[in-house]
Amino acid sequence: MAGRIRTKIVGTGSYLPEKVLTNADLEKKVDTSDKWIITRTGIRERRMAARSQATSDLGYEAAVQALESAGMKARDLDLILVATCTPDALMPSTACYLQSRLGARKAAAMDLNAACTGFVYGITVADSMIRAGAAKNCLLVGAEILTRFINWNDRGTCILFADGAGAVVMAPTGLGRSEVLTTHLYADGRQAGLLCIPALGSRKPATPAVLEKGLNTVHMKGNETFKLAVKGMAQAAQQAFKATGLSRDDLSLFIPHQANIRIIEATAKRLKIPMSKVMVNIDRYGNTSAATIPIALDEAVLRGRIKRGDLVLLGAFGAGFTWGSALLRW
Ligand code: UT7
């Protein structure tokens, strides 16, 4: 009975490029300091993809691990979703490049762009398609190479954004087993200008003048974004509790988007969730946009911070603005 199908995360994986970019390295590029970056963002270092790597290559490494942990082969997949705002190319989708490298011939493939909220949007799409019977085994990847779209003279952004990938395999399960309990998505396109890469699309094609002005890089009003990120993530989390009748006391782990330690702490405070129940790895990886949550989720699983039966909350906020939450029973 289609109505009784629920969705379960059956495997996780992640990949971080080898090259480490420390705050000391950034001190040499731009007027900043290790102390400022640590106190204002919580970031100590981040990863940078090799020139030869594209976003799908990072996604591939994470996907291979997720498939292995799920005990599945690429040919078992019937859907590949890649959440990214830094795709390999404008077309075809990064998911198609990934499908080819994996040899997942039976899988439909598409990208999903909700910027830093992409993974939570992706969980919602995969969960909906699986519950509707439109897909069975779904690979959901969050992968980004943000360092290709950074203005290295803008100290407000170049210290934050980084590269990485995380992946999950999602599959049908019976009601009452570990499952995606509820998801909540939001967007406010009126705020598009506060965080964006203005050029490279149809609105502003890449002309020499556009490139000269650096419009092919991330532009952000950090302060406004900060405030709305806290408000949005807290609101989406509260909706998840309201929809399920569960509370923060039932929660084992909160995995927020890793944008800034102060955003994470302020959101946890609003939700009255102690920091001991919050997953934080921004110190090592910075903000990898759609990849932060699946990377943190994989780390939490590998470190035994998530056990069977645990209640896990995911919360994200990003360009658009977009924001959302997902509540999982592990
Ligand atoms: O992932 C999607 C969502 N993205 C986010 O959520 C990011 C949200 N925003 C932030 O994380 C923070 O706003 C930033 C880290 C970007 C900036 O921190 P802030 O505490 O909001 O700083 P600010 O923009 O209010 O700037 C305070 C001062 C300014 O100097 P003046 O004007 O007071 O002299 C900045 O120029 O800090 C200066 N500043 C820096 N100083 C040293 C900004 N960036 C830097 C830097 N190093 N890297």
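Note: hydrogens, waters and symmetry copies are ignored here, and every other heavy atom, side chains too, is used. Position 1 is the first residue of the sequence; numbering continues from there. One-based numbering, in listed order, for ligands and for the atoms of each.
At a cut-off of 3.5 Å, with distance as the only test, no side-chain donor of T41 or N260 sits close to an acceptor on the other residue. Looking only at atom types and distance, the side chain of H257 has a donor-acceptor partner in the side chain of T292 under 3.5 Å away. Side-chain polar atoms of E144 and S289 form a donor-acceptor pair below 3.5 angstrom.
Near ligand 1, heavy-atom contacts under 4.0 Å come from D31, T32, W36, R40, T41, C116, R155, G156, I159, L160, L195, M220, G222, N223, T225, F226, H257, A259, N260, R262, I263, N287, F317.
Sorted by first and then second residue, the salt bridge (Lys or Arg N to Asp or Glu O under 4.0 Å) pairs involving residues 280-302 (not counting sequence neighbours) are R284-E299, E299-R303. Screening residues 250-278 for salt bridge (Lys or Arg N to Asp or Glu O under 4.0 Å) gives no qualifying pairs among residues at least two apart or on separate chains.
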Going by atom type alone, with no hydrogens or angles, which donor-acceptor pairs under 3.5 Å involve a side-chain atom of residues 100-108 and a protein atom two or more places apart or on another chain?
residue, atom, partner, partner atom, Å
R101, NH1, D57, OD1, 2.9
K106, NZ, R75, O, 3.3

